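Because only heavy atoms are used, hydrogens play no part in the values below, and waters and symmetry mates are left out as well, while side chains stay in. From a predicted model like this one, the values you see are computed outputs, not experimental measurements.
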Amino acid sequence: MSLECIQNAKLEDTGFNYTMSLIQGKYKMYILYTLMGYGVVRFNEMKKYIGTISYKTLSTTLKELEADGLVHREEYPQIPPKVEYSLTERGKSLIPILDQMCIWGEQNR
């Protein structure tokens with residue numbers, strides 16, 4: 001990218017900004033990473049994997065990811081209620097990015 005291009009760019013108009021708007025937040029990447037690694041995950045399992053997240057924050061964050069089309073929520077009509085989460089095709093398209101972040105982290109920590 002040339003200097004002139006950078007000077008005239010508006011970050012809010014970039015693909016980078018759009019991507020960040022979907023995945024920024026304290027726990028969104030952790031949730032996506034968990035779903036990438038484990039596939040289908042129940043709510044309480046997700047809480048256990050992440051550990052430091054509260055139930056309310058986990059619930060809110062999952063709803064945001066679902067609204068953005070990155071996470072699928074499957075509710076089973078039974079008692080007690082059973083809800084499973086997985087990545088949508090759109091969410092799965094982030095896997096190469098998450099993989100590269102993992103590789104970079106391993107190489108640079």
Requested in this report: Identify whether Ile50 and Val83 are in the same connected component of the hydrophobic contact network (ILVMFWY, side-chain heavy atoms under 4.5 Å).
Outcome: yes
Query - Check against side-chain contact (heavy atoms from CB on, under 4.5 Å), Glu66 and Thr88 - result: CA-CA 9 Å; Glu66 184 182 8; Thr88 62; over 6 Å; no
Requested in this report: May I have all residue pairs that pass salt bridge (Lys or Arg N to Asp or Glu O under 4.0 Å) and include part of residues 85-103, sequence neighbours excluded?
Outcome: Glu89-Lys92
Report summary line: Sorted by chain and residue number, the side-chain contact (heavy atoms from CB on, under 4.5 Å) partners of Ile79 (sequence neighbours excluded) come out as none
Requested in this report: Determine which pairs satisfy salt bridge (Lys or Arg N to Asp or Glu O under 4.0 Å) with at least one residue from residues 100-109, sequence neighbours left out, and list them in order.
Outcome: Glu106-Arg109
Query raised in the report: Would Tyr76 and Leu35 show up in the same hydrophobic cluster when neighbours are defined by side-chain heavy atoms closer than 4.5 Å?
Result: no
Report task. Could you tell me which residues satisfy side chain to side chain donor-acceptor pair (under 3.5 Å) with Arg42, sequence neighbours excluded, listed by chain and number? Result -> none
Requested in this report: Using the ring pair (Phe, Tyr, Trp, His ring centres under 6.0 Å) rule, collect all pairs that involve residues 35-70, keeping only residues at least two apart or in two chains.
Outcome: Tyr38-Tyr49
Query raised in the report: Roughly how far, to the nearest 0.5 Å, is OG1 of Thr60 from CG of Leu65?
Result: 11.0 Å
**Report entry** Same cluster (ILVMFWY, side-chain, under 4.5 Å), Leu94 and Val40
**Finding:** no
Query raised in the report: Got a sec, which residues hit salt bridge (Lys or Arg N to Asp or Glu O under 4.0 Å) with Glu84, two or more places apart in sequence or on another chain?
Result: Lys82
Report summary line: Across all chains, not counting sequence neighbours, the side chain to side chain donor-acceptor pair (under 3.5 Å) partners of Glu75 are Arg73
Query raised in the report: Listed by chain and number, what are the side chain to side chain donor-acceptor pair (under 3.5 Å) partners of Thr57, not counting sequence neighbours?
Result: Ser54
**Report entry** Candidate pair Leu87 and Ile95, rule side-chain contact (heavy atoms from CB on, under 4.5 Å), full reasoning
**Finding:** CA-CA 10 Å; Leu87 292 176; Ile95 288 175; 4.2 Å; yes
**Report entry** Cluster overlap Ile103 with Leu32, hydrophobic side-chain contacts below 4.5 Å
**Finding:** no
Report task. Please name the residue in the list Thr52, Thr34, Leu58 that meets the side chain to side chain contact (heavy atoms under 4.5 Å, CB included) test with Tyr27. Result -> Thr52
Requested in this report: Output every pair passing salt bridge (Lys or Arg N to Asp or Glu O under 4.0 Å) with a member in residues 51-64, not counting sequence neighbours, ordered by first then second residue.
Outcome: Lys28-Glu64
Report task. Report yes or no: do Tyr33 and Trp104 belong to one cluster of Ile/Leu/Val/Met/Phe/Trp/Tyr joined by side chain heavy-atom distances under 4.5 Å? Result -> no
**Report entry** Sequence neighbours excluded - salt bridge (Lys or Arg N to Asp or Glu O under 4.0 Å) pairs with any residue from residues 43-52
**Finding:** none
Report task. Under the side chain to side chain donor-acceptor pair (under 3.5 Å) rule, collect the residues that match up with Glu74, sequence neighbours excluded. Result -> His72
Report task. Hey, could you give me the CD1/OG distance between Ile53 and Ser59, rounded to the nearest 0.5 Å? Result -> 9.5 Å
